[in-house]
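Sequence positions, counted from 1, serve as the residue numbers for this chain.
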Amino acid sequence: MIILAWNGGSLANIFDYVVFKKILSIFITSAILNLGQATLDIIFNWKARRTMEFAVKLRYFLKFTMAALWVVLLPVTYAYTWENPTGIIRAIKSWFGNGQNHPPLFVISVVMYLSPSMLSAILFLLPFLRRKLESSDFKLVRLIMWWSQPRLFVGRGMHESAFSLFMYTMFWIALLLTKFAFSYYVEIKPLVEPTKDIMKSPIHTYRWHEFFPREKSNIGVVIALWAPIILVYFMDTQIWYTIFSTLLGGIYGAFQRLGEIRTLGMLRSRFDSIPLAFNSCLIPVETSDAKRKKGLKSYLHNRFKEMEHADKENIAARFAQMWNEIVTSFREEDLINNREKELLLVPYVSDQALGVVQWPPFLLASKIPIAVAMAKDSNGKDRDLKKRLDNDYYFSCAIEECYKSFKNIINGLVQGEPEKRVISKIFEEVDKCIAEDKVITDLNMRALPDLYNKFVELVNYLEKNDEKDRSAVIKIFQDMLEILTRDIFEDQLSIVESNHGGSYRRNEDTTTWDQEYQLFQPSGAIKFPLKVTDTDAWLEKIKRLELLLTVKESAMDVPSNLEARRRLTFFTNSLFMDMPDAPKVRNMLSFSALTPYYNEPVLFSIKELEEENEDGVSTLFYLQKIYPDEWKNFQERVGWEEELKESEELMEELRLWASYRGQTLARTVRGMMYYRKALILEAFLDMAKREDLMEGYKAAESVTDEQWKIHQRSLFAQCEAVADMKFTYVVSCQQYGNDKRAALSSAQDILQLMRNYSSLRVAYIDEVEEVGDKKMETAYYSTLVKVALTKDSESVDPVQNLDQVIYRIKLPGPAMLGEGKPENQNHAIIFTRGEGLQTIDMNQDNYMEEALKMRNLLQEFLKEHGVRRPSILGVREHIFTGSVSSLAWFMSNQEHSFVTIGQRLLANPLKVRFHYGHPDVFDRLFHLTRGGVSKASKSINLSEDIFAGYNSTLRGGNVTHHEYVQVGKGRDVGLNQISKFEAKVANGNGEQTLSRDIYRLGHRFDFFRMLSCYFTTVGFYFSTLLTVVTVYVFLYGRLYLALSGLEVGLSHGRFIHNHPLQVALASQSLVQLGFLMALPMMMEIGLERGFGKALSEFIMMNLQLAAVFFTFSLGTKTHYYGRMLLHGGAQYRGTGRGFVVFHAKFAENYRLYSRSHFVKGIELMILLIIYQLFGQSYRSTIAYIFITFCMWFLVLTWLFAPFLFNPSGFEWAKIVDDWSDWNKWISNRGGIGVSPDKSWESWWEMEQEHLKYSGTIGIFLEIILAVRFFIYQYGLIYHLHITGNNKSILVYLISWLVIVVVLLVMKTVSVGRQRFSADFQLFFRLIKFLIFVSFTAVLIVLIVLFQMTLQDIFVCFLAFLPTGWGILLIAQACKPLARQVGLWGSVRALARAYEIIMGVLLFTPITIFAWFPFVSEFQTRMLFNQAFSRGLQISRILGGQKKERSSRNKD
């Protein structure tokens, strides 16, 4: 592109003979790159040379030789294509003789050079042939493939189908064309002409000592201008990938029908098709129904309301059992209250007598009162009512069910013969009117509200079922009969007369219409109260009818809890997505879930819940305010009363309620055990006969223990047995044995979980002291336990007591040799069973409704996705910690976009989805025979999850992604937690960059799939690193131009306005500010919740300073990824999973962010200040404002974001405490056993540990990078007024005397403090006084005699402080040498001085802002705005607890 732009710039110029010949030089560049690749292959495999076969060594040698040969041959033949060559081409031609031109020679060389690539291209277009060749073991084929593929088991036959290849190839071709066009027309082409002008006009107006004053091409200026452009050119592919992946991922999501049901209104409108969707997705296919339609076709071709009644009955019965279990799980989780549960439930036992579809009451709420009101106001005209009946399906359902329930209840209650005759005649007349569609015209509807009110009273009395109310019930029956006969049937009194059998007629002045016989009065006339045996069925019917009659407000907000709404809408939406048919539980693939646990919280204790932090806020109080509706639902469920709250049972319920809202093991275990519950329900639906099905799952589940003992083979017992055969849950509690021996509470809590869930299994490493070879040795056992069943002497029931060993396997030694989490999984994986294995982290959750779809998901293992079956089934996650704070909201949105739109695209069409931890389901047998699911090597497998995906792909596996299932996931909620997590991930990606897995994937993937792999794994972090490096390169380039004086010379040319550079830096700023991170978020939110909601959330996020958060995260990723590449030493960082409502001290933030953010932020700030003082360009342009604004934003974010996102970060009292704590920390001396959080010296030593394990190259690069700090002094010293215009190198050398003098003074003070501060204190003070006086005198002399200005003093600080920091970094890199020469103490003293300066620099603005109370108010609202939107008042959290306590004290 540069060649084309340099020679005219038009694309048509490519056909020019001279230009085309110049472009052909790209083959020489390709040859050089191939030589570099061959060299790197040898370097990376050098350590393995002793174990290599001779054939492999020969292959590497020949590849290097051939690459070197082409590097020589192509330039030589290319030189002979030119008649009058210039530059290096002329030199090459002179070396080999100035013979005649032979252009065909070069063409032949290029064809020969490209011939292997042409063969690869043919094989690329025929992936099935390439798979066969790579997987073949024939010797001839192996010999042919020897050149391109090492003889390894891994990395063979990885190529996808032709369709998949076409899809991801088209994706990358479109992306690269767009990227190249943008880069050419916007970045490269416009910069060519200014570059030519700069190179034609040499500049000699230097402001410093120039080492190359005769250089004529201004090469330094060209480098300063082009370096940022080149970096952006390599980085912006990541930007285009983000844009393209967002668009394509959104399109794929739309085709997968995501977001079709995203509100309660959409759920209500589609609810009539949901029972059929339940049946299609979750009920096994019957033989007669093997070809039923699913998904969209099902919705378009068959709706539930249009089916025959016989089919409806079976579908409705199964739907009711599943739906009600889901609603019951919501109630048990306190997401809904009792009233909402009743509104959501479908009758467990469908009333066959009604003959109508009974929908959940929340769909029918307020329909009956509206119908009564409309009928009253109809005046004999039924047009409006008919229109409403035609338009609202549920309106007609409510009326039909209510009438038939009324008829059923009245007929069931009335027992007397005269009464029956009267009632039957009335219903006959009403049915006749309904059949003839004359209800409104023939009957008087103005009296209908009176009948309605009486029937409501009757329902209330029936619900109480009290003998005392019998007379009131009789009176209601008589009143209803009178309303019907006198008011509604105005002209049809004969119906009563005919039933009496006489000619009795009522006089007009008679008050009672029947004086001979009072209907309903005799004792046997009505059946009330109901018998105990009939109570349950009647009570359910009566409750439902009471809801239909009395709920007058709309139930559009049922359920009101946001989490319950989200789960319901996602679950119902997923039923219309494409998923495999569900097999019967007996026939499904069996599976296990495995959770590694170390020492995280199991259950919150009462002490932990009630313990207050420094603000007087307890965890329980915090949870009550964060989840106010769930707290009220909990109180309603357990019957919470203040005077009874000390009972042991209530306290246990309280612990569980709080633990289920944190990231605890109890929450994870509850979620995973939903699998067993779901399988039992599904097994019941599979095995139940018609009578069992009509009786309901609830009846089978409620079998008493005595009945169970009598009928051991009862239906429910069989269902449990089948479920236990198909599902196993193992929690690998690594320390459980030691905790149990130490009687720790965590062991008791784990045992309690085993008591609550009898099928739960716990694996742990048991360390036992045994006698061997006449001495005590520690033996290690991998042990699996379950809860023990013992019998109480006074009871025949089994009682769950302690644990009982199931398996005990002796290990050859300690199991924890590598990384803790994967080793914890590896030792327990032998205790899992089945074909599938779901690896679940300890901070995850699961839901009953999602567990119902697990057997559908497992069927994916039996389907071919492309050319092979899946080896890992990826599923999506929901981040449940997003409502805790603004930071948690940002993190949850970022993570949500990755686990949905990101992984959706990775799986299809890019075919590079790997395993990212969390809820993926492994083909257990596939992975157990191919290295397991967790690589555990120290450091290199820090991110062990993704290596499982690499391993699976390399060994012929296939990783898919399925979005019809979701699992809950907790994330870090505080800035410090988030930063530690991102540091761990960045370190892990650094290790991946250097791993052989990525090396092999890069070699074995085709070019476009390799691009997908790169930009979605380590390439993302490398591009992030380039983003920050671009800022550095740009500012150091500007520093060079400004301080050298070249910028002044450039200001007179037409190249002053560097528009391509402005565009490049603007695109870089998009990454820096996190806007690109927001693109996938907005697309996914728009897809699932509507684009209006996405736009509002984007605005709210930026109002809550999301750009600050993402910019700060950019620094975290850059620092830890870059340091990992330089020095290695990746380590696990525990983030903690608690609720972050506490204030982090200044010293803690300083320790965590000093090197990753503060140092870099101060360096960039100094660069910007210097450029502001001495720079010339862009002063009056918008570009300067925008570019420098983004960079100042970066600086301020890196310096102050930790304090901005720190709760109570600007409260004066805490600021004072922080200052005292920081002073104490910075002055404490280190030593053996002193922790880094107690002493600055210990922390400082720990910060340099990565240098201990760094190689020679790492140390060398560290020193080279530190040299950049010497540029400041060299450039600025010539800008001092006292130097005049002297550009001699002596000026710079003299400035080093100042550095030496300062260091000697500091050494003198340090030695004096050690030797004289104790015994000769007065002498030591005298020395310090003399030093101060000398310094003051020198400063006065410089000001008076040499006209030194205040700006000179400020510039001196800007010049010498970076130099001292550079010296410090070099000394730290050369620590062993510094120790040998005895300068380490001085280095430490210098480092402490710099730390104090940085601390004061950071603390001063914070202190100033703390003077203004509104800053703290703004910070609180900004941090906890999400909580505000859920009804939380932070002032009540931060101050309410103290007020409550003080008020109690007054009382």
Side-chain angles (χ1 to χ4, degrees), residues 264 268 271 324 327 330-331 336-351 354 356-377 385 388-389 392-413 430 445-466 468-469 472-473 475-477 479-480 483-484 487-488 526 528-530 535-560 632-633 636:
L264 288 180
R268 292 163 64 90
F271 206 91
N324 289 346
V327 173
F330 282 11
R331 184 64 193 97
I336 58 177
N337 56 33
N338 292 337
R339 181 72 168 176
E340 290 176 324
K341 177 184 176 183
E342 292 171 354
L343 287 170
L344 288 168
L345 283 176
V346 179
Y348 276 98
V349 182
S350 181
D351 196 333
L354 296 182
V356 297
V357 179
Q358 292 183 294
W359 297 106
F362 84 100
L363 296 172
L364 312 178
S366 76
K367 306 291 185 184
I368 298 302
I370 292 174
V372 170
M374 292 180 71
K376 176 188 173 184
D377 300 333
L385 195 58
R388 181 67 183 267
L389 285 168
D392 192 341
Y393 169 68
Y394 299 118
F395 193 74
S396 59
C397 286
I399 294 173
E400 184 181 5
E401 181 182 349
C402 193
Y403 170 68
K404 291 190 176 181
S405 297
F406 173 78
K407 185 177 178 180
N408 182 266
I409 288 174
I410 296 299
N411 287 329
L413 290 175
V430 174
M445 293 288 103
R446 286 191 294 273
L448 188 61
D450 296 330
L451 180 65
Y452 165 80
N453 292 331
K454 289 297 179 182
F455 188 56
V456 170
E457 290 183 37
L458 175 63
V459 168
N460 290 332
Y461 282 125
L462 291 176
E463 194 172 0
K464 294 178 184 177
N465 199 33
D466 193 345
K468 297 177 182 178
D469 298 327
V473 171
K475 182 69 168 59
I476 288 174
F477 268 94
D479 290 344
M480 286 195 299
I483 291 169
L484 279 165
D487 299 329
I488 295 179
I526 60 173
F528 185 86
L530 302 172
T535 302
D536 290 341
W538 269 90
L539 188 60
E540 186 176 333
K541 186 187 301 184
I542 294 300
K543 279 185 177 180
R544 177 176 174 82
L545 189 56
E546 187 260 342
L547 290 173
L548 294 180
L549 292 170
T550 59
V551 177
K552 296 184 178 180
E553 70 278 4
S554 173
M556 286 294 288
D557 62 340
V558 174
S560 58
K632 290 179 182 177
N633 297 342
E636 181 185 45

Exercise for the section: State the CG-CD1 distance between L451 and I483, to the nearest 0.5 angstrom. Expected result: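 If I round to the nearest 0.5 Å, the distance is 6.0 Å.
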Exercise for the section: Please list, chain by chain and in numerical order, all residues satisfying salt bridge (charged side-chain N to carboxylate O under 4.0 Å, His left out) with K475, sequence neighbours excluded. Expected result: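 Salt bridge (charged side-chain N to carboxylate O under 4.0 Å, His left out) list for K475, sorted by chain: D479.
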Which atom names give the shortest non-hydrogen contact between [X] and [Y], and what distance separates them?
X: N324; Y: P347; result: ND2-C, 4.1 Å
X: P369; Y: L549; result: CG-O, 3.7 Å
X: R331; Y: N633; result: NH2-O, 2.9 Å
X: F395; Y: I370; result: CE1-CG2, 4.0 Å
X: P559; Y: L264; result: O-CD1, 3.9 Å
X: N408; Y: K541; result: OD1-NZ, 2.7 Å

Got [X] and [Y] here, is their nearest side-chain heavy-atom distance under 4.5 Å?
X: K376; Y: V372; result: no
X: I409; Y: I542; result: yes
X: P360; Y: L363; result: yes
X: E457; Y: V473; result: no
X: N337; Y: K632; result: no

Practice task
Would you mind telling me which of R339, E340, E342, K341 makes a side-chain contact (heavy atoms from CB on, under 4.5 Å) with V558?
Solution key: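 Answer to the side-chain contact (heavy atoms from CB on, under 4.5 Å) test with V558 among R339, E340, E342, K341: E340.
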Exercise for the section: Output yes when E400 and K404 qualify as a salt bridge under the 4.0 Å nitrogen-oxygen rule, no when they do not. Expected result: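 Here E400 pairs with K404 in a salt bridge, since their nearest N and O are under 4.0 Å apart.
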Handout entry: Carboxylate-amine/guanidinium proximity below 4.0 Å for E401 and K367
Key =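 The answer is no: the pair does not qualify as a salt bridge.
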Exercise for the section: State yes or no: are the ring centers of F271 and F362 separated by less than 6.0 Å? Expected result: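 Close enough - the centres of the two rings lie under 6.0 Å apart.
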Donor-acceptor pair, [X] side chain versus [Y] backbone, under 3.5 Å?
X: Y394; Y: R268; result: yes
X: S560; Y: D557; result: no
X: E636; Y: N338; result: yes

Handout entry: Stepwise side-chain contact (heavy atoms from CB on, under 4.5 Å) check, I476 with F455
Key = CA-CA 8 Å; I476 288 174; F455 188 56; over 6 Å; no
Handout entry: For Y461, all residues meeting side-chain hydrogen bond (donor to acceptor under 3.5 Å, both in side chains), sequence neighbours excluded
Key =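 Result, side-chain hydrogen bond (donor to acceptor under 3.5 Å, both in side chains) vs Y461: none returned.
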